[in-house]
Amino acid sequence: MPVLFEGAQVPAHLTNIPISLISTSTDSANKYVKGKVIHKGPLVVSAADNFILKTVIQEDDSSQKPSINIVLFGDLAKSFSQSVNQGDVVVASGFQVGKSPTVRKDNHHACNLLLSKSDACIYVYHPQSPSDSKSPQASKRSSTCSAEVSQTTKAPKYTYVRLDNLKLSSTVNVYGVVVFFKLPHKSRGTHWCSTLKITDQSNLKIQCTLFCNKREDHPQIFQVGDIVRLHRVKTQSYEESIQLISAYGFAAVTFDGIVGRAVEPRTSSRSFQFHQEDQQKVEELRAWAASHSIVSATSTTIPLSATQPKAYFDLTCQLLAKAPIDTTCTLLRVWDGSQCPHTLLKVIVEPDSVEGPVSFSENKENLIANVLVYDNHVEFARQLKPGTFLRIFNLRAIPGSSRVPGLTSSQAVEHDHLAFHLHGGTSYGRGIQVLPENSQDVQELKSALEMFSKDKDDSGVSDSELMDIWCTPPETLERRCIHNIETVMLSQLKQCNDPLGSHHVRVQLSSFKPHRLHQALKLYCSKCSSLQDVPDDEVVNRVFSEASRNAELCSPPSWALSGKVNLPGISHGSSNRTLHIHSSSELLSEGKAKELIYIMGSSLEETCRLADGYQNIIPVRSSEGRLALLDWPAPFLFRGRKRYYGCKSCSEAAAVSEPSCEGVDVIDEKVIAEALQVQPLQFVLLMELQLQDATDTLDVFLWKHAEMFFNVSAEDVAANQEAQDHISRTMNALCPKGGSDVHRPWLDMCLTAYSTVCDGGRGQTCYQICDTGIIKPRPPPSESYPSGSGPTPHEAA
DNA sequence: GTTTAGGCTTCG
């Protein structure tokens, strides 16, 4: 969620980028821009609940220094409006760089910064130290004051009570080092409950009971030793000691408790204060805790390589795959890059039920611990996505477990295998915490995992290859490429400096467009590479009526014979229609009259009806006494239900001539296009899909290999309902309407990354799905014919 | 401005 910090230190992993160096090719990852607010626009409500605010920052006071427009969206715009004044210094990170549409007018930087993404962050520094204003509304007052008067609109300053100064029946703010905690869990009442025990320099240990409506509003504690700042907790007495309990308006901020690490506030609060004093408080508590061995005495986090049978421990790891076992148990397959000295228990589960790869290379498999998660932890485990980093608290290494669900009989005899159980309940802080990607612990874990990938010759059998051998996965897709490359997470792919080429991903489909699938069907010209929509029937109809209105007599060309064809009325009682046709005298003499006719003056509907009786129908009109094709966008040919269009700019407007049928077995669209000097347009399918995995989302195109993907030809999609339904069903299976993530199958895909050149000449990386198709083809009936060539059967109306 | 929980292992 985008966050506005007041007075907080900029995280150490971010580096400053001078405004002058910003360009549309700037990679904003881990960068920040800093400047003084020289203009703050009004908060604009753009749509229900959405806000936009524009501000201008300048690098330095001097008017020589560059200035840049920043556009903030959503809650961040709102917070900015409330907390920032002209004259404040702001730091922005997580921005996107766009072209400034107002550069000519305002003379600011040619680019602007857009702050809309979830990692967008603003750090605000007020020029004066906060006053002692007691007005709690002060910080919320919207203000456009200049720097001189802004000191009257300062936020209230919080005071913190040392734990030995707590008085009964009062609401206070406290700081403390966490010495024990239970992760948030649902209470029997209406709230999420978490309990912690904190201490400070008083060395008193105070029990806190916190109730919040939302899980994320609890302190985000990753380990004992973390430092919490609790606002609005009230004191109460329980069993002769003083306790803290969350009061109305409770809010928490958590910090890493390790000396030397960046003081980065963790909180779900959209806007909160953070001053120099807070930084100091955190550092004092860190130093005090370190010198009193508060953490080392209690921490039980160990790597897999240090696990002992029967012992309880905490594990920092990455989730690779998971599978539900039964209603009270879920299997999590995790690793931390280290190898357990004991043989790890193998749990056999139905391959169909696995989320994430079903198997891994042998080297990797040896490092993977099977964690069985029970009872109250199952619900949380179900929401986890493979790839996520976790800390599992109070895990137990159980030797020789003989009654593990899912165990096969052949395995039950193996007794000294270690299994890992996360028992039900919350005793001893038992539970699972998701660690964010940017946390120090995850950074360390990731480098350990990368070491494994580099060190080991892991090029043997890849995870997904094995999977193909093992089972027919429940997924409807399989890769058909020849690459033997590791599956990568989407975040890795996005961060890759040189993404061009092929990649394997394992993803879910989170959305796709167009939703109206007929819009996915396009016409493509292989000569000029143009892509256009399939013309609307209404528009085509107009061209036909226009042509029939202007029908004038014309003498047929020498190679053709004129005739008439009787078309029965469409409804009972309606009169028959007589239509003028031309036919090739050569074909007539060969008895092939039904193979090709030229028709004049018919409507679109009539032409379609005639297509039942003639294999090829070319609609024509008279132009200056000669036969000519109808104007774009009328099809140049009707074959059964299929219509063929020519490229408007690549086709020659020549007189309609006789197809050369010598040595031609079948008169098809190719023969006819050639004879008419028409550049035929090809039906193609084009969709934009959003893929997701645990780490990121990625927009990709489905185009060149769309027919393989659906196992249907675009031409058939254009012509028959069955093929269209097939695509609908497939998309619905991959991305059920209104279904949550859990209902979406995991798909192994091969992607090609390529570069496109846009206006500015700068390449943009695009992705296409390639060599990936459905495993069990459910072809529509017409698929039994080779697509694109050969005779097309006339379909029943 | 209710209630919940108020640490203290383990069916598997």
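Note that this is a predicted model, so its numbers are computed, not measured. Atoms considered below: every heavy atom in the structure, side chains included; atoms not considered: hydrogens, waters and symmetry mates. Protein chains get the first letters and strands the later ones, always in sequence-line order, with residue 1 at the start of each.
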Peer 1: So what does A:Thr328 hit on the nucleic acid, given a heavy-atom distance under 4.0 Å: a base, only sugar-phosphate, or nothing?
Peer 2: base
Peer 1: Answer yes or no as to whether B:dG1 has its base stacked against A:Tyr248, where stacking requires a ring-centre separation under 5.5 angstrom and planes under 30 degrees apart.
Peer 2: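 Taking the rule of under 5.5 Å and under 30°, the ring of A:Tyr248 does not stack on B:dG1.
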Peer 1: Which part of the nucleic acid, if any, lies within contact of A:Ser427, taking any heavy atom under 4.0 Å across all strands shown: a base, the sugar-phosphate backbone alone, or nothing?
Peer 2: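 Here A:Ser427 touches the backbone only, sparing every base.
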Peer 1: Using ring centroids (six-membered ring only for Trp), state whether A:Phe393 and A:Phe181 fall under 6.0 Å.
Peer 2: yes
Peer 1: Rounded off to whole Å, could you give me the CD1-to-P distance for the A:Ile245 and B:dA5 pair?
Peer 2: 11 Å
Peer 1: What integer distance in Å separates A:Leu196:CG from B:dC8:C1'?
Peer 2: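 Rounded to whole Å, this separation is 16 Å.
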Peer 1: Does the aromatic ring of A:Phe211 sit over the six-membered base ring of B:dT4, closer than 5.5 Å centre to centre and tilted less than 30°?
Peer 2: yes
Peer 1: Are a donor atom and an acceptor atom from the side chains of A:Asn213 and A:His191 found within less than 3.5 Å of each other?
Peer 2: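 Checked: A:Asn213/A:His191 side chains pair up, N/O donor to acceptor below 3.5 Å.
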Peer 1: What is the distance, to the nearest angstrom, from the NE2 atom on A:His191 to the P atom on B:dG1?
Peer 2: 15 Å
Peer 1: Have a look at A:Thr195 and say if it touches a base, only the backbone sugar-phosphate, or nothing, with a 4.0 Å heavy-atom cut-off.
Peer 2: sugar-phosphate
Peer 1: Taking only side-chain nitrogens and oxygens of A:Arg396, does any of them come within less than 4.0 Å of OP1 or OP2 of B:dT9?
Peer 2: no
Peer 1: For A:Asn213 and B:dT2, give me the distance from atom CG to atom C1', rounded to whole Å.
Peer 2: 13 Å
Peer 1: So what does A:Gly429 touch, heavy atoms closer than 4.0 Å: a base, only the sugar-phosphate, or nothing?
Peer 2: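 Result for A:Gly429 = nothing.
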Peer 1: Which value, in whole Å, describes the distance between the P atoms of nucleotides B:dG6 and B:dT10?
Peer 2: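 Here B:dG6 and B:dT10 have their P atoms 14 Å from each other.
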Peer 1: Answer yes or no as to whether B:dG7 has its base stacked against A:Phe180, where stacking requires a ring-centre separation under 5.5 angstrom and planes under 30 degrees apart.
Peer 2: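 A stacking contact exists, since A:Phe180 sits close and nearly parallel to the base ring of B:dG7.
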Peer 1: Are a donor atom and an acceptor atom from the side chains of A:Tyr160 and A:His231 found within less than 3.5 Å of each other?
Peer 2: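 Side-chain D/A pair, A:Tyr160 to A:His231: present.
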Peer 1: Answer with yes or no after comparing the ring centroid distance for A:Tyr158 and A:Tyr175 against a 6.0 Å cut-off, counting only values under it.
Peer 2: no
Peer 1: How many Å lie between CZ on A:Phe393 and P on B:dC8, as a whole number?
Peer 2: 17 Å
Peer 1: Over how many whole Å does the gap from A:Gln236 atom CD to B:dT3 atom P extend?
Peer 2: 11 Å
Peer 1: What about A:Thr190: does its side chain form a donor-acceptor pair under 3.5 Å with the base of B:dT3?
Peer 2: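 In this structure, the two groups form a donor-acceptor pair.
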Peer 1: With distance as the sole criterion, is a donor-acceptor pair present between the side chains of A:Thr426 and A:Lys182 under 3.5 Å?
Peer 2: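 A donor-acceptor contact under 3.5 Å links the two side chains.
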Peer 1: Please state how far atom NE2 in A:His421 lies from atom P in B:dC11, giving the value in whole angstrom units.
Peer 2: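 After rounding, the reported distance stands at 11 Å.
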Peer 1: Is it the case that the base of B:dT9 and the side chain of A:His423 share a donor-acceptor contact (distance under 3.5 Å, atom types as modelled)?
Peer 2: no
Peer 1: Below the 4.0 Å mark, does B:dG6 have OP1 or OP2 next to a side-chain nitrogen or oxygen of A:Lys182?
Peer 2: yes
Peer 1: Are A:Tyr312 and A:Tyr428, when compared by the centres of their aromatic rings, separated by less than 6.0 Å?
Peer 2: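 Centroid distance A:Tyr312-A:Tyr428: not below 6.0 Å, so no.
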Peer 1: As a test of reading the structure: which of B:dG6, B:dT3, B:dC8 is closest to the side chain of A:Gln243, going by heavy atoms?
Peer 2: B:dG6
Peer 1: Between A:Lys234 and A:Leu422, which residue's closest nucleotide on DNA chain B lies nearer the 5′ terminus?
Peer 2: A:Lys234
Peer 1: Return whichever of A:Tyr428 or A:Cys193 has its heavy-atom-nearest nucleotide of DNA chain B closer to the 5' end.
Peer 2: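 Per heavy-atom nearest nucleotide, the more 5' residue is A:Cys193.
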Peer 1: Measure NZ/A:Lys186 against P/B:dT4 and give the value in whole Å, please.
Peer 2: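 It is 18 Å, rounded to the nearest whole Å.
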